Amino acid sequence: MLEVSRIRTERDVVANGLKKRGWSEEALKVLDEVIVADDARKIVQTENDGLLSQRNTISKEIGQLFKSGQIDAANEAKSKVEVLKEKISENEKLLSDCISTINDHLFTIPNVPNFKVPDGLTEDDNLLVKDWTAELPQLAESAIPHWDLAKKYDILDFELGVKITGAGFPVFKKQGARLQRALINFFLDEAIAEGYEEIVPPLLVNAASAMGTGSLPDKEGQMYYMEKDDLYLIPTAEIPVTNILRNEIVKEDQFPFKYTAYTPCFRREAGSYGSDVKGLNRVHQFDKIEIVQVQHPSKSHDTLDQMVAYVEGLLNKLELPYRILRLCGGDLTFASALTYDFEVYSAAQKKWLEVSSVSNFETFQSNRLKLRFKDENGKSQFAHTLNGSALALARIIAALLENNQTDQGIVIPEVLRRYTGFDMIK
RNA sequence: GGAGAAUUGGCCGAGUGGCUUAAGGCGCACGCUUGGAAAGCGUGUAUACCUCAAAAGGGUAUCGAGGGUUCGAAUCCCUCAUUCUCCGCCA
């Protein structure tokens with residue numbers, strides 16, 4: 001979330017940023033409400049700290065008086081404190097009201113978009129920063145979408161998933177299962193070679209962790225929730241991995257922290273429907289390799305560019321047609337300051353599928369996480385957090401199956417063959 | 001799942017209601033000392049917020065978390081979390 005101090009000192013920057021996200025002047029009033037509530041908080045706190053100080057002083061005196069046997073004077077002092085205590089408890093109620101007002105407001109305010117974020121409110125306004133200029137795959141007349149290929153080669157079974165669990169939980173089989181495992185290993189090995197530290201995190205997280213990344217309260221309805229244990233199934237490894245550094249003050253020379261993790265991801269996808277959900281295009285459970293970095297604020301945007309280049313390299317190695325979009329203000333997720341989406345062309349569906357989203361959250365997450373570092377002046381500052389999918393499997397598989405289909409079978413990209421152990425799905 | 005014990009600063013550890021402004025040690029930083037190092041000596045060494053134009057200074061809170069009792073809580077009470085030991089179950 002945003003810092004109150006930033007809303008105070010850079011109100012115009014914040015306001016203009018929120019306008020980029022489609023906020024009206026009316027909605028922007030919440031910024032002033034935050035400041036008003038914070039002003040009130042300071043007044044109450046200043047007064048209350050004074051009262052607490054008085055109470056502490058008198059209490060010490062009472063101790064002395066009792067020790068020296070001046071019982072009457074001690075009792076008199078006690079009654080003085082009684083009065084103070086009443087005011088203190090009133091003030092504390094006021095103080096906690098102010099703080100919850102401030103927080104309630106702050107939770108509704110998304111991150112301020114970076115200056116590079118293009119104007120616009122819909123996905124049509126996203127900036128195409130890199131288009132696919134080569135020819136798109138030309139498939140034979142007989143080409144079919146991946147859900148039909150799944151049946152033809154018996155590598156992926158949607159109905160079986162329905163039987164075992166429900167819609168959106170596909171079952172991978174035979175060469176399909178091995179392709180899945182090959183991709184996981186390939187992506188992890190690539191990330192490790194790039195200097196990322198491999199993590200195997202918990203797949204269930206507590207509310208504090210989900211709050212830390214901004215997943216709560218924003219995405220409450222999109223996460224599976226275990227009521228009995230008060231835990232959430234992760235929609236992305238971003239949550240457990242970024243929370244490694246929650247409540248930490250790191251040393252400047254430790255930057256950058258680079259983590260990678262393979263995890264299944266669980267998403268309720270409430271409200272999704274239509275042709276977008278067909279096959280592997282949108283499922284409740286999918287596998288993803290995530291990369292996470294924690295970086296010094298002055299370097300985080302270079303880091304973002306590096307992460308984008310890294311993801312691009314993966315798609316090149318897989319020989320998939322892709323394009324890169326810089327998301328516009330309206331399409332940016334709640335916590336992000338700048339996001340690049342990667343889309344892969346799935347030739348039989350003739351569709352671009354989102355396979356990666358690489359974002360810089362600047363201090364939005366670290367403020368919630370209390371993830372700080374000491375700068376050269378010895379002052380605490382919030383670090384910048386970044387993450388990206390590298391990559392999300394389900395849609396990569398959809399594109400691979402469709403684009404690489406031939407009369408002889410589905411061709412496995414060169415780089416994956418040492419992982420799959422076969423070069424063709426037949 | 002049941003029973004018991006525990007949780008104090010970066011780490012170890014003392015602390016059963018006021019003499020704690022959390023002892024002492026280790027570590028770390030700086031200084032003195034030294035030809036150089038070690039040892040020794042000295043000084044400093046948490047976080048957040050409030051106050052202050054800023055710095056200095058002052059104030060408040062935090063001893064696993066949250067409540068409570070009390071004039072006053074690391075210390076007493078309640079709830080929860082975590083760790084350890086034993087029992088049960090188990091891949």
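Residue numbers start from 1 in every chain, and the chains themselves are labelled A, B, ... in the order their sequence lines are given, proteins ahead of strands. Since the structure is predicted, the reported quantities are computational estimates derived from the model, not experimental observations.
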Who is the Watson-Crick or G-U wobble partner of G42(B), with both distances under 3.5 Å?
C30(B)
More than 12 heavy atoms from other groups under 6.0 Å of NZ on Lys116(A)
yes
Salt bridge present between Lys370(A) and Glu248(A) (N-O < 4.0 angstrom):
no
Separation of Asn247(A) atom CG from U47(B) atom P, in whole Å?
14 Å
Among G72(B), A61(B), C50(B), which nucleotide has an atom closest to any side-chain atom of Lys85(A)?
G72(B)
Mind running side chain to side chain contact (heavy atoms under 4.5 Å, CB included) on Leu28(A) and Leu18(A) for me, showing each step along the way?
CA-CA 8 Å; Leu28(A) 287 173; Leu18(A) 295 179; 3.7 Å; yes
Mate of C63(B) across any strand shown (Watson-Crick or G-U wobble, both atom pairs under 3.5 Å) is none
Atom P, compared across U45(B) and C52(B): separation rounded to whole Å:
25 Å
On a whole-Å scale, what distance lies between the C1' atoms belonging to U8(B) and U75(B)?
11 Å
Can you tell me, in whole Å, how much space there is between the P of C87(B) and that of A14(B)?
28 Å
To the nearest Å, give me how far apart CD1 (Ile58(A)) and C1' (U70(B)) are.
15 Å
Euclidean distance, atom CG of residue Asp72(A) to atom C1' of C71(B) [Å, nearest integer]
15 Å
Gap in Å between the two P atoms, one belonging to G57(B) and one to G44(B), rounded:
12 Å
Paired nucleotide for G36(B) [Watson-Crick or G-U wobble; both distances under 3.5 Å]:
none
Could you tell me how far G27(B) sits from G36(B) if I compare only their P atoms? Round to whole Å.
23 Å
Opposite nucleotide pairing with G18(B), Watson-Crick or G-U, both atom distances under 3.5 Å:
C71(B)
Between Arg11(A) and Asp32(A), is there a side-chain N and carboxylate O pair less than 4.0 Å apart?
yes
In terms of side-chain geometry, is the basic nitrogen of Asp38(A) or Arg8(A) positioned less than 4.0 Å from the acidic oxygen of its partner?
yes
Taken to the nearest whole Å, CG/Asn91(A) to P/C50(B) is 16 Å
Taking OP1 and OP2 of C50(B), is either one under 4.0 Å from a side-chain nitrogen or oxygen of Arg41(A)?
yes
Please compare Ile249(A) and Ala77(A) by the position of their nearest nucleotide in RNA chain B and report the one closer to 5'.
Ile249(A)
Of the nucleotides U60(B), U70(B), A48(B), which has the atom closest to the Arg372(A) side chain?
A48(B)
For Lys93(A), enumerate each residue passing the side-chain hydrogen bond (donor to acceptor under 3.5 Å, both in side chains) test, keeping only those at least two apart in sequence or located in another chain.
Asp97(A)
For Asn56(A), report the nucleic acid contact type (base, sugar-phosphate, nothing); a contact means any heavy atom under 4.0 Å.
sugar-phosphate
Closest listed nucleotide, where the reference is the side chain of Leu52(A) and the choices are U47(B), C50(B), U60(B):
U60(B)
First encountered from the 5' end of RNA chain B, between Lys42(A) and Ile62(A)
Lys42(A)
Can you tell me how far P of U45(B) sits from NZ of Lys251(A), to the nearest Å?
17 Å
Given the C1' atoms of C63(B) and G58(B), what is the spacing between them in whole Å?
24 Å
Complementary nucleotide of A6(B), counting Watson-Crick and G-U pairs under 3.5 Å:
U82(B)
Which nucleotide in U51(B), A55(B), C71(B) has an atom nearest any side-chain atom of Lys379(A)
A55(B)
Would you say Arg55(A) reaches A61(B)'s phosphate, i.e. side-chain N/O to OP1/OP2 under 4.0 Å?
yes
Considering only the C1' atoms, how many Å lie between G25(B) and U62(B), rounded to the nearest integer?
24 Å
Checking contacts here: which listed nucleotide (C71(B), U60(B), U47(B)) is nearest the side-chain heavy atoms of Asp49(A)?
U60(B)
As its Watson-Crick or G-U partner within any shown strand, both distances under 3.5 Å, A91(B) has none
Does the ring pair (Phe, Tyr, Trp, His ring centres under 6.0 Å) test come out yes or no for His296(A) and Phe373(A), once each step is laid out?
CA-CA 8 Å; His296(A) 191 283; Phe373(A) 70 96; 4.9 Å; yes
To the nearest Å, how far apart are Gln45(A) CD and C52(B) P?
13 Å
Report yes if at least one side-chain N or O of Ser380(A) is closer than 4.0 Å to OP1 or OP2 of A48(B); otherwise report no.
yes
Whole-Å distance between U60(B) P and Glu92(A) CD?
13 Å
When we call it a touch if two heavy atoms are under 4.0 Å apart, what does Glu82(A) touch: a base, just sugar-phosphate, or nothing?
sugar-phosphate
Pairs under 3.5 angstrom only: tabulate donor-acceptor contacts from the side chains of residues 187-198 of chain A to other protein residues two or more places apart or in another chain.
{"unit_1": "Asp189(A)", "atom_1": "OD2", "unit_2": "Tyr419(A)", "atom_2": "OH", "d": "2.7"}
{"unit_1": "Glu190(A)", "atom_1": "OE1", "unit_2": "Lys317(A)", "atom_2": "NZ", "d": "2.6"}
{"unit_1": "Tyr196(A)", "atom_1": "OH", "unit_2": "Gln293(A)", "atom_2": "NE2", "d": "3.0"}

Separation of G72(B) P from Gln64(A) CD (nearest whole Å):
17 Å
What is the pairing partner of C52(B), taking Watson-Crick or G-U wobble pairs with both distances under 3.5 Å in any strand?
none
G13(B) to G17(B) separation - C1' atoms, rounded to the nearest Å
22 Å
